Amino acid sequence: MQKSGRPRCQRVLADGGKRRLQKSPSCVLPSDAKPSSDKASRLKGDQRPPSALDTPSPPMSNLKFGNKKLPNAIIVGVKKGGTRAVLEFIRIHPDVRAAGTETHFFDRNYDRGLEWYRSLMPRTLESQITMEKTPSYFVTKETPRRISAMSRDTKLIVVVRDPVTRAISDYTQTLSKTPDLPSFQELAFRNQSLGIVDMSWNAIRIGLYALHLENWLRYFPLAHIHFVSGEHLITDPAGELARVQDFLGLKRIVTDKHFYFNRTKGFPCLKKPESSGSPRCLGKSKGRTHVQIDRDAIEQLRDFYRPYNVKFYEMVGHDFKWE
């Protein structure tokens, strides 16, 4: 004789299997019913409902910090032109993240591969631009082809400056590290009395902008290259940064309210952020007093660079007035 007409109650699991629970006045438990707390505590590891196993949590790094991406834009030159200033000024924009140090990937570390290069980049959100700066890229023959192989859509920024002033600045920096360096005139001229300039000296060669640009234009259209005036970067940093933001497709957020002129350094600095106790100026090596060079030597160098400058103005469609 059957003891009761009530069937044992069974719970239908998500995979269609059945688990016997206990006698109950109810015949069938709803599929979303929760087991008692003592049974729930035994549902561990692979005993958890399959739905919990099949849905992994998204990585927190992607949710909070973004991903490391190859750069969308690179400051490729020139040395002693103002590249560090441009990087420090543009990186206060909320939509820009930049590598802190010069990577030298495309001129010295290319054999390490793109994944190594990517690992040096900061994490960025999808809406942010990744940048880096290595000024020696502009004068390295292989660099345009290598950057183009990475992406022909890369935007390139070149900070240019009066090549005579730039050469003196370059020499001044080297002299601070190598006190027994020959004089500027000895290095700049093969024969100063005849006005023959030594184009093999790196400080002179960098300033031949037209020659270097010809190499870049073999791989990138001029529209992908933006030229920043090193002189205007000092006298009108907000104006130069406005044009950089336009070139990068960014909203103009970095404006004149972010700058003040430091008379001691002779250079603009960033005003004190609310979260910081002091303004942000570039390092001691920036804005140092140049070595005094003989006036005749300077005029000889201006004569030497003049045809190269004129050609450069014509190539980029802008007169930088380096006279």
Side-chain angles (χ1 to χ4, degrees), residues 61 63-105 117-135 137-138 153-161 169 224-288:
S61 59
L63 290 176
K64 291 186 176 181
F65 307 112
N67 298 300
K68 292 191 174 189
K69 299 180 291 188
L70 293 170
N72 313 90
I74 305 176
I75 301 173
V76 297
V78 299
K79 180 184 179 185
K80 306 309 296 179
T83 58
R84 172 55 60 181
V86 171
L87 185 69
E88 292 302 316
F89 294 165
I90 193 62
R91 73 192 306 181
I92 67 175
H93 195 292
D95 290 333
V96 173
R97 297 293 308 282
T101 58
E102 296 174 6
T103 70
H104 285 281
F105 173 66
Y117 184 45
R118 186 199 304 272
S119 73
L120 303 179
M121 297 300 122
R123 291 187 179 278
T124 51
L125 302 176
E126 193 63 34
S127 60
Q128 292 177 313
I129 289 176
T130 302
M131 292 185 67
E132 74 118 325
K133 77 106 177 169
T134 302
Y137 287 165
F138 189 64
D153 294 327
T154 306
K155 293 189 175 182
L156 309 167
I157 297 174
V158 187
V159 190
V160 290
R161 183 183 185 186
S169 177
H224 281 208
I225 309 174
H226 178 72
F227 298 92
V228 176
S229 165
E231 287 80 17
H232 290 170
L233 189 62
I234 296 174
T235 60
D236 182 22
E240 285 299 320
L241 264 293
R243 287 182 279 276
V244 170
Q245 290 170 96
D246 291 347
F247 173 68
L248 295 176
L250 297 170
K251 182 179 179 181
R252 288 190 178 186
I253 290 178
V254 184
T255 63
D256 54 2
K257 70 180 182 181
H258 290 93
F259 302 98
Y260 79 97
F261 190 79
N262 185 310
R263 296 187 180 280
T264 302
K265 294 181 71 68
F267 207 85
C269 296
L270 293 169
K271 290 182 180 178
K272 180 176 72 69
E274 293 181 3
S275 58
S276 173
S278 60
R280 285 171 52 191
C281 285
L282 300 179
K284 292 185 293 184
S285 66
K286 310 301 179 183
R288 64 160 65 93

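Being a predicted model, the structure only gives us computed values, none of them experimental.
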Value rounded to 0.5 Å, distance of [atom1] in [X] from [atom2] in [Y]:
X: Ile92; Y: Leu87; atom1: CD1; atom2: CG; result: 11.5 Å
X: Thr103; Y: Glu132; atom1: OG1; atom2: CD; result: 3.5 Å
X: Leu250; Y: Gln128; atom1: CG; atom2: CD; result: 10.5 Å
X: Lys271; Y: Asp256; atom1: NZ; atom2: CG; result: 7.5 Å
X: Phe105; Y: Arg118; atom1: CZ; atom2: CZ; result: 10.5 Å
X: His93; Y: Lys251; atom1: NE2; atom2: NZ; result: 8.5 Å

Report the C-alpha separation of His226 and Val228 in whole Å, then their side-chain angles, then the decisive distance to 0.1 Å, and conclude whether the side-chain contact (heavy atoms from CB on, under 4.5 Å) test is met. CA-CA 7 Å; His226 178 72; Val228 176; 3.7 Å; yes
Show the numbers, then the answer: is there a side-chain contact (heavy atoms from CB on, under 4.5 Å) between Thr124 and Ile129? CA-CA 7 Å; Thr124 51; Ile129 289 176; over 6 Å; no
Which pair of heavy atoms, one from [X] and one from [Y], lies closest together, and at what distance?
X: Phe89; Y: Pro268; value: CZ-O, 3.8 Å
X: Leu248; Y: Ala73; value: CD2-CB, 3.7 Å
X: Pro71; Y: Tyr117; value: CG-OH, 3.2 Å
X: Ile234; Y: Phe267; value: CG1-CE1, 3.6 Å
X: Thr154; Y: His224; value: O-ND1, 3.8 Å
X: Ala99; Y: Leu120; value: CB-O, 4.0 Å

Counting distance only, does the side-chain N/O of [X] pair as donor-acceptor with the main-chain N or O of [Y] below 3.5 Å?
X: Lys79; Y: Pro135; answer: no
X: Arg252; Y: Gln245; answer: no
X: Arg97; Y: Pro122; answer: no
X: Arg161; Y: Lys80; answer: yes

Is the shortest side-chain heavy-atom distance between Val158 and Val78 below 4.5 Å?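 Yes. Closest side-chain heavy atoms under 4.5 Å.
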Are the side chains of Leu233 and Leu241 in touch, meaning some heavy atoms are under 4.5 Å apart? yes
No-hydrogen, no-angle side-chain donor-acceptor test under 3.5 Å, Lys69 and Thr130: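 No, Thr130 and Lys69 have no side-chain donor paired with an acceptor closer than 3.5 Å.
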